[in-house]
Amino acid sequence: MAAIVLKSGAKMPLVGFGLWKVPKATCADTVYNALKTGYRLLDGACDYGNEKEAGEGLKRAISDGIVKREEVFITTKLWNTFHKREHVHAAVKRQLADWGVDYFDLYLIHFPVSLAYVDPAHRYPPEWFGDDGKVYLQNIPIQETWEAMEEVHDQGLAKDIGVSNFNGSLLCDVLRYARKPISALQVEHHPYLTQEPLIAFAKSQGIAVTAYSSLGPTGWLEIDMHHTVPNLLEAETITSIARETKTTPAQVLLRWATQRGLAVIPKSNSAERALDNLNCNKFDLSDEQVKQISSLNQNIRLNNPGEGIDIRLSI
Ligand code: NAD
C-alpha cells in the first residue's frame, strides 16, 4: 500500500480508516471488516470512546490470520484533559490497555488545548464539557505535554509522536524545544479549507500531514453541525470530475488530497463505501482537475473549538 515515510523511517499508509463516530456496538466488527477489506491504518482517539471495541476487532483480525500487529499502523490521540506530564503517561497506558497492544505507531496531541483534569473513574472519555456543561481550561503549557510525549516515545510506547489541530505558529513553538521530531500533523483539510501555507510549512520541516474531514461537512451532519455548508459530495466541480474519471465524488475528494501528498483517514460505517474510499488511489487527477478542486477553497473551518463555547479559565 502507498505510504508516507515518516522521519523515523516508519511507513504511514496513505489511506487509513477513521474511527470517530463509529458506534461502540459495531466498532469491533467495523474494524475487523476494515482490516479484512485491506485497510492497514486505524485512526482512533481516547475521545472517540471506542478504543476497547476497536482493539477487539483488531485482536480478532490478528487471531484469524488477516493481519499481524506489525502490519497495522495504529494512530491514536491524547485527550485535552490529560496534558499534565503524569496524566500523559497514565493516559497512554490506559489507551494501550484498551486497544490490547503494547505500542502505538503514532501518538498525537489531539488539540493544543489543555482542559481541567477529569479522573477517568469519574468520566471516560472525559469529553469537552465539565459536569456543569462548561469548559474549564488548565494551566499546562504545550512544552510540558510535548516533553511527556517524548518520554512516551523513549519508553517505546509510541513509535512516532505528533500533533493535531496545530497551526504554523504552534508548530514553531514546539520546534523550538522538541528533542524528537514532530513526525506528523493531523488537520482538517478539504476543498473548502485547502490550507496551502500550513501544509507547505509542515512539509518544509519534514512533518507528514494527514487530512481529516476530507469529505467536508458530510461527517459533521452526524453530530448535527454545519447543515448550511454546501455538500461537497454534490458540488458540481466534484461530480463532473467524478464522471470524467469514472470514479465517485468521495474518491475524487480523497485522491485530490493524496495527490497533494497528504494521507487521508475517511470514516464509513458502510462496507461498500469503505472499499470505495480505500481504492481512491487507483486513478490520477490531471493538474487542471486538481486546480479546479483547489479553487473551491473558502476557508471554511468545520472544527474550531475555542470559539463559540463557554470557556472558563479555571485553574
Ligand atoms: P469524513 O470526511 O471521513 O466523512 C465521513 C462521512 O462521510 C460519514 O458521514 C460517512 O457516512 C460519509 N462517507 C464516507 N465515505 C463515503 C463515500 N464513499 N461516499 C459518500 N459518503 C461517504 O469525516 P470525518 O469523520 O470528519 O473524518 C474522518 C476521520 O478523521 C475521523 O473518523 C477521525 O478518525 C479523524 N478526525 C480527526 C479529527 C481531529 O481533531 N484530529 C477531527 C475529525 C475527524
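Counting convention: from 1, in listed order, for ligands and their atoms alike. Only this structure's heavy atoms are used, side chains among them; waters, hydrogens and symmetry mates stay out.
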Let me have the donor-acceptor pairs involving side chains of residues 208-217, under 3.5 Å, with sequence neighbours excluded, atom names and distances please.
{"from": "Tyr212", "atom 1": "OH", "to": "Asn165", "atom 2": "OD1", "distance (Å)": "2.6"}
{"from": "Tyr212", "atom 1": "OH", "to": "Asn303", "atom 2": "ND2", "distance (Å)": "2.7"}
{"from": "Ser213", "atom 1": "OG", "to": "Trp220", "atom 2": "NE1", "distance (Å)": "3.0"}

### Polar proximity ligand 1 side, His110 side, N/O cut 3.5 Å exclusive
yes
### Message
I need the nearest protein heavy-atom contact for atom 33 (C) of ligand 1: residue, atom name and distance, please.
### Response
Tyr48 OH, 3.4 Å
### Task
Check if Gln251 has a non-hydrogen atom at a distance under 4.0 Å from any atom of ligand 1.
no
### Query
Using a distance-only test with no angle check, is there a side-chain donor-acceptor pair under 3.5 angstrom linking Glu196 and Thr194?
yes
### Query
Any idea which atoms of ligand 1 are less than 4.0 Å away from a heavy-atom of Pro266?
3 (O)
### Task
Answer with yes or no after comparing the ring centroid distance for Phe111 and Trp128 against a 6.0 Å cut-off, counting only values under it.
yes
### Message
For atom 28 (C) of ligand 1, which of the options Ile265, Leu221, Thr76 provides the nearest non-hydrogen atom?
### Response
Ile265
### Query
What atoms of ligand 1 come within less than 4.0 Å of a heavy atom belonging to Asp276?
18 (N)
### Query
atom 18 (N) of ligand 1: which protein heavy atom is closest, and how many Å away?
Asn277 OD1, 2.9 Å
### Query
Taking only heavy atoms of Ser268, which atoms of ligand 1 are found under 4.0 Å from at least one of them?
14 (C), 15 (N)
### Contacting atoms of ligand 1, where contact means under 4.0 angstrom from a heavy atom of Asn165
39 (C), 40 (O), 41 (N)
### Message
Could you check whether Asp105 pairs with Lys11 (Lys NZ or Arg NE/NH1/NH2 to Asp/Glu carboxylate O, under 4.0 Å)?
### Response
no
### Task
Around atom 25 (O) of ligand 1, find the nearest protein heavy atom and jot down its residue, atom name and distance.
Lys21 NZ, 3.1 Å
#### Entry: Shortest protein heavy-atom distance from atom 11 (O) of ligand 1, along with the residue and atom involved
Arg273 NH1, 3.5 Å
### Query
Counting N and O atoms only, with roles assigned by atom type, does the side chain of Asn50 sit under 3.5 Å from a partner on the main chain of Leu19, one being a donor and the other an acceptor?
yes
#### Entry: Note: Asp154-Arg179 ion pair, threshold 4.0 Å (strictly below)
yes
### Message
Would Ala250 count as being in polar contact with ligand 1, using the rule that some N or O on each side must be under 3.5 angstrom apart?
### Response
no
All N/O donor-acceptor pairs, side-chain side in residues 96-104, below 3.5 Å, sequence neighbours left out:
{"from": "Asp98", "atom 1": "OD2", "to": "Arg94", "atom 2": "NE", "distance (Å)": "3.2"}
{"from": "Trp99", "atom 1": "NE1", "to": "Glu51", "atom 2": "OE2", "distance (Å)": "2.7"}

### Query
Quick one: nearest non-hydrogen protein atom to atom 5 (C) of ligand 1, plus distance?
Lys267 O, 3.5 Å
### Query
Can you find a non-hydrogen atom of Asn303 under 4.0 Å from ligand 1?
yes
### Summary
shortest atom 31 (C) of ligand 1-to-protein heavy-atom contact is with Trp20 CB, 3.6 Å
### Task
Look at Asp29 together with Arg60 and state whether they make a salt bridge at an N to O cut-off of under 4.0 Å.
yes
### Query
Among protein heavy atoms, which sits nearest to atom 27 (O) of ligand 1, and what does the distance come to when rounded to 0.1 Å?
Ser213 N, 3.3 Å
### Message
If you take the centroid of each ring, where Trp contributes its six-membered ring, are His189 and Trp256 closer together than 6.0 Å?
### Response
yes
### Message
When you compare the side chains of Arg243 and Ser240, does any donor N or O come within less than 3.5 Å of an acceptor on the partner?
### Response
no
### ligand 1 contact on Leu233 by region, counting heavy-atom pairs under 4.0 Å
side chain
### Summary
Per-atom filter on ligand 1: closer than 4.0 angstrom to a heavy atom of Lys77 are 41 (N)
### Task
Flag the pair Lys84 / Glu144 as yes when at least one side-chain heavy-atom distance between them is below 4.5 Å, and no otherwise.
yes
### Message
Could you identify the single nearest non-hydrogen protein atom to atom 8 (C) of ligand 1 and state the distance to 0.1 Å?
### Response
Glu222 OE2, 3.1 Å
### Short N-O contact, Arg85 and Glu147, less than 4.0 angstrom
yes
### Task
Examine the proximity of ligand 1 to Thr248 and report which part, side chain or backbone, both or neither, has a heavy atom under 4.0 Å away.
neither
#### Entry: Which of the ligand 1 atoms, numbered from 1, are nearer than 4.0 Å to a heavy atom of Ser214
2 (O)
## Note on the structure
Atoms of ligand 1 under 4.0 Å from any heavy atom of Asp43, numbered from 1 in the order shown, are 33 (C), 34 (O), 35 (C)
### Message
Please check this pair: side chain of Asp276 against backbone of Glu272, looking for a donor-acceptor N/O pair closer than 3.5 Å.
### Response
no
### Message
So that I can tick it off, tell me whether Lys267 and Asp43 are bridged by a salt bridge, with the cut-off set at under 4.0 angstrom between side-chain N and carboxylate O.
### Response
no
### Task
Could you tell me if any non-hydrogen atom of Phe111 lies under 4.0 Å from any atom of ligand 1?
yes
